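Only one structure is covered here, and it is reproduced in the block below.
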Amino acid sequence: MLIGKPELIRSSEITSETAYRNRRQFMKKAVGLAAFSTIPFSPLSWALADYDIPDDLPRYKGPQWLQPKITAAIRNQDFSSGEALAPYYHAITHNNFYEFGTDKRDPVRYAQQFRTDPWKVEISGEVVKPGNYNLEDILAPHALEDRVYRLRCVEAWSMVIPWLGFPLSELIKRFEPTSKAKYVLFETILDKEQLPEQRSSFGTIDWPYVEGLRIDEAMHPLTLMTVGMYGNALPPQNGAPLRLVVPWKYGFKSIKSVVRIHFTETMPLTSWNKTAPDEYGFYANVNPLVDHPRWSQATERRLPSPLLSPNIIDTQPFNGYAEQVASMYRGLDLKQWF
Ligand code: MTE
């Protein structure tokens with residue numbers, strides 16, 4: 001996002017024999033890393049794991065206590081659009097998680113040792129029941145759903161991903177927001193020891209990464225708190241152990257590795273909005289009619305997108321979820337509030 005133009009198509013997206021072999025080599029290395037990490041993966045299949053995951057790629061199991069929930073997850077077909085899912089390989093190796101580096105491959109390279117259990121989440125601000133909760137307790141009453149959503153990055157690439165999660169609204173209701181709770185702020189972990197970019201003196205983001213939603217957006221049934229993808233736990237590079245997914249907004253709103261959920265009366269200052277206010281707004285609704293100052297948002301590169309025949313498709317208003325969400329923005333000038 002700090003780059004001058006949308007990230008270029010990588011040679012690894014051409015499925016040549018060499019690329020295929022390189023991929024296998026690369027992932028063998030990643031699997032080796034994961035074997036020594038605190039995040040276990042398993043080659044075993046799971047109840048929901050009928051996704052096409054090649055045997056040589058790691059499946060992230062997450063902590064023991066999460067496994068029964070994953071196994072019991074229910075596939076919610078309401079959100080399937082019939083579009084092809086991103087191959088698992090792309091979803092776990094083409095990432096934005098700037099805390100691990102700005103290259104798309106940095107998160108899978110450097111996140112494998114990231115400690116995601118035990119994990120605490122602080123609930124604070126305008127709520128009747130604030131506190132510092134164990135993730136296990138946070139998740140206890142929630143059944144997981146498997147939902148397929150489009151993820152549209154502001155950099156003009158997109159993927160279709162099956163997430164495992166539950167509506168954020170269910171979580172919010174438990175903590176009983178007061179009438180002053182107009183916005184919800186989310187914060188990623190701040191941990192200089194584990195997150196190399198947070199140690200860097202040259203980064204542009206003022207850590208920790210912060211995102212926010214209006215309370216009605218947070219309560220919308222599409223807004224998902226996720227703990228998994230492709231029938232497995234979230235890989236660390238995708239935001240383990242707890243990540244927000246807001247499918248009608250640019251991907252930067254879908255904050256990873258959340259440790260704090262704060263309810264406030266005023267619109268929070270969010271990381272990208274603070275970093276480059278002319279380029280990234282608070283709302284960040286996917287909008288083909290409002291270009292990024294440095295590139296068009298009218299189309300997107302749907303991954304996988306081979307170098308020689310790029311898979312370019314039209315971007316849809318609200319990323320194709322207009323029917324469900326457009327009414328929340330009635331009367332709002334979407335060009336001004338981009
Ligand atoms: N969350 C944190 N904490 N740090 C980040 O750099 N990048 C965002 C979002 N969440 C980011 C983050 C951006 S720009 C995108 S497009 C999505 O994560 C990418 O999610 P993915 O890597 O699972 O595809």
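Just follow the structure's listing: the first ligand is 1, and inside any ligand the first atom is 1. For clarity, every value in this text was computed on a predicted model and none was experimentally measured.
Leu289 forms part of no hydrophobic cluster, judged by ILVMFWY side-chain heavy-atom separations under 4.5 Å.
When side chains are defined from C-beta on, Leu244 counts as touching Met225, because their heavy atoms get closer than 4.5 Å.
In this structure, the protein non-hydrogen atom closest to atom 16 (S) of ligand 1 is Cys153 SG, 3.3 Å. With hydrogens left out, the protein atom closest to atom 14 (S) of ligand 1 is Met1 SD, 3.1 Å, a heavy atom. Looking only at heavy atoms of the protein, atom 6 (O) of ligand 1 is closest to Tyr98 N, 2.7 Å. Protein heavy atom in closest approach to atom 22 (O) of ligand 1: Lys256 NZ, 2.6 Å. Closest protein heavy atom to atom 4 (N) of ligand 1: Glu99 OE1, 2.9 Å.
At least one heavy atom of Ser254 lies less than 4.0 angstrom from ligand 1.
Comparing Tyr209, Phe100, Phe252 by heavy-atom distance to atom 12 (C) of ligand 1, the nearest is Tyr209. Looking at Gln237, Arg243, Glu187, it is Arg243 that brings a heavy atom closest to atom 23 (O) of ligand 1. Within the set Val210, Leu151, Val245, the minimum heavy-atom distance to atom 24 (O) of ligand 1 is found for Leu151. Selection from Asn96, Val108, Leu244 by nearest heavy atom to atom 7 (N) of ligand 1 gives Asn96.
A ring pair (Phe, Tyr, Trp, His ring centres under 6.0 Å) with Phe318 is found for exactly one of Tyr283, Trp248, Tyr329, namely Tyr329. Results of the side chain to side chain donor-acceptor pair (under 3.5 Å) test with Ser158 over Arg152, Arg150, Glu300 single out Glu300 as the only residue that passes.
At most 12 non-hydrogen atoms from other residues, nucleotides or ligands lie less than 6.0 angstrom from CH2 of Trp337.
Close approach of ligand 1 to Thr188 (heavy-atom distance below 4.0 Å) involves ligand atoms 3 (N).
On a distance-only criterion, Asn95 and ligand 1 share at least one N/O pair closer than 3.5 Å. Any N or O atom pair closer than 3.5 Å counts here, and Trp272 shares no such pair with ligand 1.
Under the 4.0 Å criterion applied to side-chain N and carboxylate O atoms, Glu217 and Lys249 are assigned as salt-bridge partners.
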Cut-off 3.5 Å, no hydrogens considered: what does the side-chain donor-acceptor table look like for residues 179-187, sequence neighbours left out?
unit_1, atom_1, unit_2, atom_2, d
Lys182, NZ, Ser179, O, 3.0
Glu187, OE2, Arg260, NH1, 2.9

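Figure legend: Lys256 and Tyr98 shown without cation-pi pairing, the cationic atom not lying both under 6.0 angstrom from the six-membered ring centre and within 45 degrees of its axis.
In terms of heavy atoms, Asp137 sits closest to Pro141 at O-CD, 3.8 Å.
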